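Model, not experiment: these values are computed from the prediction.
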Protein chains: 2
Amino acid sequence: LIRVREVSKVYSMGDVEVAALKGISLDVLNGEFTAIMGSSGSGKSTLMNIIGCLDRPTSGSYLLDDDDVAGMNEVELASIRNRKIGFVFQTFNLLSRYTARENVELPLIYAGFRNASERALKALKEVGLAHRATHKPTQLSGGERQRVAIARALVCAPPVILADEPTGNLDTKTGDEIMALFEALNERGTTIIIVTHEHEIAQWCRRVIQIRDGAILSDKLKGE
Amino acid sequence: LIRVREVSKVYSMGDVEVAALKGISLDVLNGEFTAIMGSSGSGKSTLMNIIGCLDRPTSGSYLLDDDDVAGMNEVELASIRNRKIGFVFQTFNLLSRYTARENVELPLIYAGFRNASERALKALKEVGLAHRATHKPTQLSGGERQRVAIARALVCAPPVILADEPTGNLDTKTGDEIMALFEALNERGTTIIIVTHEHEIAQWCRRVIQIRDGAILSDKLKGE
Ligand SMILES: Nc1ncnc2c1ncn2[C@@H]1O[C@H](COP(=O)(O)OP(=O)(O)OP(=O)(O)O)[C@@H](O)[C@H]1O
Ligand SMILES: Nc1ncnc2c1ncn2[C@@H]1O[C@H](COP(=O)(O)OP(=O)(O)OP(=O)(O)O)[C@@H](O)[C@H]1O
Ligand SMILES: [Mg+2]
Ligand SMILES: [Mg+2]
């Protein structure tokens, strides 16, 4: 269960302050398949980074299961992140000195899983990239890098997956294959939150939260 | 006029070779508004990098106006690039130590234009980012970075604009504003080639080239 209450985020740049989130409150229950939409600059990634324990709110509270995340330090945040959350970054954030396969192996090695190499290859197969396992990020296309980042987020089978614009660089068919992969994981109980600007992608989700200027504009179940 | 003849591109990685383009031939006339589509990994960025004089083909010829680009060295390629082409990278490629405004000023300064700072701010206004001129790339959202990259490609008013997935991180409304900007430039004579995976974006163009596995699958005018 994700419980966000009155979360605000202010970025301070010297004498200028940017209020990216202004009092966001929402619950996400286990097993949800939810989309977050909104215009460029509206605060979607800022919200995802807070839910994903990558950043702390300026004010407000955030409970992940029963843990009060907002008050945690960096070490505690990292421990929760590694155990509970798979995060697909809008900017991929792959390590350029490692191959695709090694990038996907890393979370398995950190978490102490065995057979990391085989499991990493299997995750790459699921995103259609077994034939690019030995390529480094600079030797991959934009959409291929994005899919390596997706494979890396899925490989430890975390209970929560947060994907920030996971299909932005993918053609429709490849994007649908990724959404089918997310849907299959959700049917097995994984909680999935996806930021997207594409309505066809949001259609796969059961709930759509619209963000505008750092606040929730609407929060609806599909078909409402 | 862009004239590409039997262009192939092979990436060699040690003992493995990846044939990214296999004998591509196409002409693009001055003032065209053309989309290039195709699945992830099909060779779109590789083709754009060659047309944009950022990379050389492995074989084949490429004439840009009457210049034989395929045989040029790095210095000659850079000179043609700076004079003739505005390039929007799929990965933005902004300089992280400079503000948005400074990133957009740079091509003006290189080309010896005066009033670089005012012209840069005007270009940022055209992409809706005057209020973020002082932010560095790390202090911008994904779609905002993408728009700074677009402003930078447009600011010297080059005769040819090549945009690789310019709306991948933008919501529909912001994406339409960018396409309207491209359309206005095209009506004033700028040749525009856009890689996109979104059919709604390709709809703005008069010609759509479909790429598949490094080869042209189809090349049609809109409505054919
Ligand atoms: N430097 C490189 N070394 C080896 N292979 C490469 C290199 N760059 C690209 N490739 C491969 O060449 C193929 C074409 O890459 P390209 O970037 O042109 O694809 P694309 O059509 O732009 O894909 P996307 O839509 O995902 O951005 C890809 O399969 C990629 O793995
Ligand atoms: N480190 C930072 N310092 C200052 N301002 C920031 C910082 N990071 C983000 N911002 C600003 O906060 C606002 C929200 O950013 P955020 O990345 O959450 O937007 P977004 O909804 O994800 O946009 P996009 O769809 O373009 O990715 C933006 O206007 C951005 O300029
Ligand atoms: Mg974002
Ligand atoms: Mg590409």
Practice task
May I ask you to check whether over 12 heavy atoms, not counting those of Lys122(A), lie within 6.0 Å of atom NZ?
Solution key: no
Handout entry: Proximity breakdown for Glu144(B) and chain A, heavy-atom pairs closer than 4.5 Å
Key = both
Handout entry: Which atoms of Ser39(B) approach chain A - backbone, side chain, both or neither, heavy atom under 4.5 Å
Key = both
Fill in the blank from the handout: Between Asp171(A) and Gly38(B), the two heavy atoms sitting closest are CB-O, 3.9 Å
Handout entry: For chain A, the option from Arg147(B), His199(B), Glu165(B) that forms the most heavy-atom pairs under 4.5 Å
Key = Arg147(B)
Handout entry: Contacting moiety of Ser42(A), where chain B heavy atoms sit under 4.5 Å
Key = neither
Problem - Neighbour count above 12 (heavy atom, 6.0 Å) for Tyr98(B) OH - result: no
Problem - Engaged part of Glu198(B) at the chain A interface, taking heavy atoms whose separation is under 4.5 Å - result: side chain
Practice task
For Arg212(B), look at atom CZ and say whether over 12 heavy atoms of other residues, nucleotides or ligands are found less than 6.0 Å away.
Solution key: no
Practice task
Kindly determine whether Arg132(A) and Val18(B) satisfy side chain to side chain contact (heavy atoms under 4.5 Å, CB included), including the steps that lead there.
Solution key: CA-CA 10 Å; Arg132(A) 292 286 185 260; Val18(B) 177; 3.5 Å; yes
Handout entry: Beyond-backbone contact of Thr174(A) with His197(B), side-chain heavy atoms, under 4.5 angstrom
Key = no
Completion exercise
Of the listed Gly143(B), Gly168(B), Ser141(B), the one with the largest count of heavy-atom pairs under 4.5 Å with chain A is Gly168(B)
Practice task
Would you mind telling me which of Lys173(A), Arg145(A), Gln139(A), Lys136(A) has the largest number of heavy-atom pairs within less than 4.5 Å of chain B?
Solution key: Gln139(A)
Problem - Contact origin within His135(B) toward chain A - heavy atom pairs under 4.5 Å - result: both
Completion exercise
So, the part of Ser40(A) with a heavy atom under 4.5 Å from chain B: the answer is both
